[in-house]
S.K.: 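The structure follows.
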Amino acid sequence: MDDAKEKCLELMKSTFLRDEPLCDVLEINRDPVSIETIMKNWEEYVAQNVSLACYTEVDGEPDELVGFNIVLVKSIDDIDEDLDTVKGESWKKLLRTLIEAENLCNVFKYYGVDKYLTSSGLTVLPEHRGQNIGARLFAAREPLGNALGIEATATVFTATTSQVLAAKCGYETLAELKYSDMLKFGINLTECTTDRAKLMGTRFKKQQ
């Protein structure tokens, strides 16, 4: 793995796993097995070479990494992950929650596509928040999708801040999962600072 990708993954590990509401309530950072599994997953996703990074600029050249969005292509023929084989109890609970939210709407059918862009996390350095970096990373998905011949994007947003930002960026809510509904699976997320996950998406504008 090259140095740039390593720095991006380290940023996700140090900030996203600390700040994301479900990671917090499930105490992911206290579960080394879950962290190891997540990092391996992220390495595979980043290897697709479609993730998005934001840097400060000095003399026209990238300088400091300040934001990163793990983006991946989801295809209709992808094999569903077997939860029984997932290592790390905290990550398994979080993954189960994401899957339940995704299953509330068939994105392929809704947008009439056989693949779409999705995300496994977005983070911005705390000292650079409030500068619209998250919105710009969202916006960058459209030219990325156009370049790849992909017409839509959809993501499960787990925090109120990201849900509000996605709505401002033109994403529509496709489905909502109340975290209290996960109690029937033995997953207690009721202490989470956000009360629900939202599956949100948008169709890209067609290039002229």
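We use all heavy atoms of the structure for the numbers below, so side chains are in, but hydrogens, waters and symmetry mates are not. Source: prediction; values computed, not measured.
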S.K.: Using a strict cut-off of less than 4.0 Å between a Lys/Arg side-chain nitrogen and an Asp/Glu carboxylate oxygen, indicate whether Asp19 and Arg129 qualify as a salt bridge.
M.R.: yes

S.K.: Look at Asp78 together with Lys74 and state whether they make a salt bridge at an N to O cut-off of under 4.0 Å.
M.R.: no

S.K.: Could you tell me the separation between the OH atom of Tyr171 and the OG1 atom of Thr202, rounded to the nearest 0.5 Å?
M.R.: 7.0 Å

S.K.: List, one per line, each side-chain donor-acceptor pair under 3.5 Å for residues 130-140, sequence neighbours excluded.
M.R.:
none

S.K.: Taking C-beta and beyond as the side chain, do Val46 and Leu9 meet within less than 4.5 Å on heavy atoms?
M.R.: yes

S.K.: Looking at CZ of Phe16 and CG of Asn69, how far apart are the two atoms once the value is rounded to the nearest 0.5 Å?
M.R.: 9.5 Å

S.K.: Between Phe108 and Tyr116, does the ring pair (Phe, Tyr, Trp, His ring centres under 6.0 Å) criterion hold? Intermediate values first, please.
M.R.: CA-CA 8 Å; Phe108 300 109; Tyr116 62 90; 5.0 Å; yes

S.K.: Do Ile70 and Ile99 belong together in a cluster built from hydrophobic side chains that touch within less than 4.5 Å?
M.R.: yes

S.K.: About how many Å separate CE of Met182 and CG of Leu94, when rounded to the nearest 0.5 Å?
M.R.: 9.5 Å

S.K.: Are there more than 12 heavy atoms of other residues, nucleotides or ligands under 6.0 Å from atom CG of Asp59?
M.R.: no

S.K.: Please enumerate all residues that pass side chain to side chain donor-acceptor pair (under 3.5 Å) together with Asp31, with sequence neighbours excluded.
M.R.: Ser34, Ser90

S.K.: How long is the span from the CG atom in Leu26 to the CG atom in Asn29, to the nearest 0.5 Å?
M.R.: 11.5 Å

S.K.: Are Glu151 and Arg203 close enough for a salt bridge, meaning some N to O gap below 4.0 Å?
M.R.: yes

S.K.: May I have all residue pairs that pass ring pair (Phe, Tyr, Trp, His ring centres under 6.0 Å) and include part of residues 59-102, sequence neighbours excluded?
M.R.: none

S.K.: Tell me the closest heavy-atom pair linking Ser120 and Trp42, and the distance in Å.
M.R.: OG-NE1, 3.0 Å

S.K.: Are Glu89 and Lys93 close enough for a salt bridge, meaning some N to O gap below 4.0 Å?
M.R.: no

S.K.: Quick one: does Leu183's side chain get under 4.5 Å of Asn188's, heavy atoms only?
M.R.: yes

S.K.: First locate atom CD of Glu20, then atom CG of Asp24, and finally report the distance between them rounded to the nearest 0.5 Å.
M.R.: 8.5 Å

S.K.: Minimum heavy-atom separation for Arg196 to Gln163, with atom names?
M.R.: O-NE2, 3.0 Å

S.K.: Would you compute the distance between atom CG of Leu122 and atom CZ of Phe157 and round it to the nearest 0.5 angstrom?
M.R.: 8.0 Å

S.K.: Using a strict cut-off of less than 4.0 Å between a Lys/Arg side-chain nitrogen and an Asp/Glu carboxylate oxygen, indicate whether Glu44 and Lys40 qualify as a salt bridge.
M.R.: no

S.K.: Go through the steps to decide whether Thr155 and Arg141 satisfy the test side chain to side chain donor-acceptor pair (under 3.5 Å), and finish with yes or no.
M.R.: CA-CA 12 Å; Thr155 297; Arg141 287 194 202 180; 2.9 Å; yes

